[in-house]
Amino acid sequence: MNFASKPLKAAHFAGAILGCCLALGLGLPARGGADIFSEPQQSLERTCFQTHAPWQEDCDLRSDVAIVYGFDSTLKQRIQSWRDHGYRIHLMTGVAWGDYQDYLHGKFDGHNHEDEEQTDRDGHPHGHGGGAYYMCPSTNYGNYLCAGVRRALEAGVEAVHLEEPEFWVQDGYSAAFKREWQQFYREPWQPPHSSVDAQWRASNLKYFLYRRTLQQVFDSVLAFNRQTGRHVRCYVPTHSLLNYASWRIVSPESSLARLNGCDGYIAQVWTGTSRTPNVYRGQRRERTFETAFLEYGAMQNLVRSSGRSVWYLNDPIEDNPDHDWNDYRGNWECTLTASLFQPEVWRYEVAPWPDRIFSGRYPRNAPPQERQPIPPAYATELQTVWNALDDMHQKRVAWDCGATGLGVLVSDSLMFERGDPAPSDGDLGHIYGLALPFLKRGQPVQPVQLEDAGLPGYLDGFHCLLLTYRGMKPLAPEVHGALAQWVQRGGLLVVCDDDGDPFNTVREWWNTNGLHYATPRQHLFEQLGLAKDEANPSRAGNGQVVWIHRDPASIAASPDGDALLASAVRKAASDMASRPKPHLQWSETNCLLLRRGPYIIAAGLDESIGGAARTLRGRFVNLFDSELRLQQAVTLAPGVQFVLLDIDAPEVSGRALLAAACRAVPLKQGADAMSFEVEGVANTTGAALLRAARAPRSVRLSGRAPEAVRYDAEQGLLWVRFTNQASPQELSVQF
């Protein structure tokens, strides 16, 4: 069966809903956002997953897109196996490394390229084992990637994902890197660890090399599109800037959005990145929810105002196979909730490698200690949430928390100051020291990409921006003009910097070509109309600048540093309250709360301001509850996250099906009967929560009794549980 002859499940879903609603005289059910069922099919790419395997029943997640990984000799067969089951097909392949031994050892072009392996100063190549090494990418290596991608284009993929362009800070000593240095700088190579200037220049070159490689592939895809009349898109799955800086990796990050042919990103944020410890109030520990919140925010701010799009990755486990299932589940709930606090994003990669989720075995956190398959309740929970992710494009969005409109400026150069001889703070305290004091007060602070400050409308909606040049520097002077204009229009800029960063002395725009600033901060102040070292607070137009003479990492390290910073910002906001422009309206809460149509995304915050935990009242279903039980009171205790469905919200008032641990497609609905086609991961427990005005006379699953049926007459709700299959079953209810 080819793709054209098997309509996408979502299209079937659309027609069925339309038929049901017209038959009942209900009109179309209320939905947020655009009516996605009437948009071009490409807009139905809401959820996806990646896999190297051909179709198999325990990997059949019923997402819109299957991303087939790698362009080896089995590519066409793997593509066809997923296409035969109704999926749209994308390709993903590694940019920095992969099973590319044919390139390394001369099979591609007859030349050995082992000197292009990323190499540290002891001469050790950086690899994943099995001969898969990180590459120092030459233009010839770019040609090799283009050839591999071309095979996927000819096999009919609709998009290409070029994964993880990464150059490690510790590397930069190979013969290939030395050649690239000579060509790029027109001067002899310097060991990156020999000076801050050499480290900066090495990182800047690494930043350029993968940008060049990706442009080669983008150009190749664009040429294919011109030749064929197709519109294959290109995305870059990449970790967040915060994670790459923390893990000491250089990647092109924000600069990719300015390359011709780049359609956007996949934000590779998951437990493995977000559990990286940071420091707050002097305590270093994992803060998975808060770190994920900032990582996802950083990725959204790469595309805001750019016309590009971003998908958010969630991973129900992680790369480390030695954590237990409780750990995986709790951390997945943290990261998933954090991702939903970005209402502009509604596309999700729900799982990398589904086979390791549903076929893998991991430790249990209780006797016996042998490795166990996924707990049934977790498998059900995952599918419930994945089904809801298809519905996150909502018009009605409202925050109910502390002050909004705060941002922390970040630059790609955060990755440039991570190596010897004078690396920036190891825990990235210069960023977390500015961000966590506000996030912990219920204020949804956003990382704001400094390189994009000049984009039209990019800084709109922000009332207060925090900035340091500790650990990063502006890559071009033009961003200061954009920042100055924003302040003069009424913004509050809080600069936290002691001017003590050794990287202030690197050869860069602020101290070359006739400029003689000791630090780029001085150039910014002059653009603001202030003296280079003016005392504060200082008025600039309708706005204000506050300069706190501290390294932000010292704020993170201090038990009361967060309170001092918050107090300074609160006072500055109060001082500006009488000015004509809208300003920061200071408020604090010990929770975050966001409504997205019928969904309420909620998190109780620990290490917060104290006070009683907030309780929500209504009729809610917690989508993290595999039983889909009705809750009429939900308390946002510290450190607890929820994704709630408000079953009385107007967006779901016309729905019979409220939630399901499977893909559920309405078939028919009338006064005396309704039926659905249900399909999920084979041999997992499926569930459906339905509205029913009266008790059912019969509930059948493809002609047989389901495993459990429960009806609540008072609430008008019907729960059905059954065993999922990777092929359609008909769930029918007779009244």
Side-chain angles (χ1 to χ4, degrees), residues 238-249 251 253 265-302 310 312-320 323 327-342 345 401 406-410 414-415 418 424-449 466 471-472 552-553 555-557 561-562 591-592 594 601-608 638-641:
T238 178
H239 298 204
S240 73
L241 170 61
L242 300 183
N243 177 255
Y244 275 152
S246 182
W247 285 9
R248 303 176 71 244
I249 296 170
S251 190
E253 289 293 290
Y265 302 83
I266 292 180
Q268 291 188 316
V269 178
W270 76 99
T271 300
T273 64
S274 300
R275 74 186 317 154
T276 302
N278 49 42
V279 177
Y280 177 65
R281 292 180 177 171
Q283 296 187 10
R284 185 179 189 272
R285 67 173 181 85
E286 293 180 10
R287 296 177 172 87
T288 302
F289 168 75
E290 292 84 356
T291 305
F293 183 98
L294 294 169
E295 285 198 74
Y296 285 117
M299 293 300 300
Q300 161 60 13
N301 276 280
L302 291 186
V310 63
Y312 277 170
L313 169 72
N314 307 126
D315 190 348
I317 53 173
E318 66 153 300
D319 295 341
N320 185 336
H323 295 292
D327 181 282
Y328 293 139
R329 185 176 186 173
N331 279 294
W332 171 77
E333 290 177 355
C334 285
T335 57
L336 185 283
T337 307
S339 75
L340 294 177
F341 276 115
Q342 301 293 332
V345 178
C401 56
L406 290 102
V408 174
L409 289 156
V410 294
L414 275 173
M415 302 176 288
R418 303 299 287 159
S424 59
D425 181 76
D427 295 311
L428 225 62
H430 43 294
I431 298 301
Y432 290 112
L434 295 180
L436 287 177
F438 304 98
L439 185 54
K440 289 290 193 178
R441 286 168 169 77
Q443 300 164 335
V445 62
Q446 294 291 311
V448 179
Q449 195 70 36
L466 295 105
M472 71 178 201
I555 292 176
D562 68 300
C591 64
L592 288 169
L594 174 69
I601 320 303
L605 300 171
D606 61 2
E607 303 175 301
S608 187
V640 178
Q641 297 83 36

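Values below: every heavy atom of this structure, side chains too, minus hydrogens, waters and symmetry copies.
Of the possible polar contacts, one joining the Tyr312 side chain to the Tyr296 backbone as a donor-acceptor pair under 3.5 Å is found. Of the possible donor and acceptor atoms, one in the side chain of Ser608 sits under 3.5 Å from a partner among the backbone N and O of Lys440. Side chain of Gln641 to backbone of Thr337: no donor-acceptor contact under 3.5 angstrom is found. A donor-acceptor distance shorter than 3.5 angstrom exists from the side chain of Asn301 to the backbone of Pro447, with no hydrogens or angles considered. When atom types are taken as modelled, the side chain of Arg248 and the backbone of Arg418 share a donor-acceptor pair closer than 3.5 angstrom. With Tyr265 contributing its side chain and Glu253 its backbone, the two residues share a donor-acceptor pair below 3.5 Å.
Leu592 is listed as a side-chain neighbour of Pro444, based on a closest heavy-atom distance under 4.5 Å. At a threshold of 4.5 Å between non-hydrogen side-chain atoms, the residues Gln300 and Val310 count as touching.
Side-chain contact check for Tyr432 and Asp425: no donor-acceptor pair (N or O, by modelled atom type) lies under 3.5 Å. Side-chain atoms of Asn331 and Thr288 form a donor-acceptor pair, as typed in the model, at a separation below 3.5 Å.
Residues satisfying the side-chain hydrogen bond (donor to acceptor under 3.5 Å, both in side chains) test with Asn278, not counting sequence neighbours, are Arg287, Thr291. Evaluation of the ring-ring contact (aromatic ring centres under 6.0 Å, His included) rule for His239 yields Tyr244, Trp247, Trp270 as partners, not counting sequence neighbours.
In this structure, the separation between CD1 on Ile317 and CG on Asp327 is 11.5 Å, given to the nearest 0.5 Å. Atom CG in Asp315 sits 7.0 Å away from atom OG1 in Thr271 (nearest 0.5 Å).
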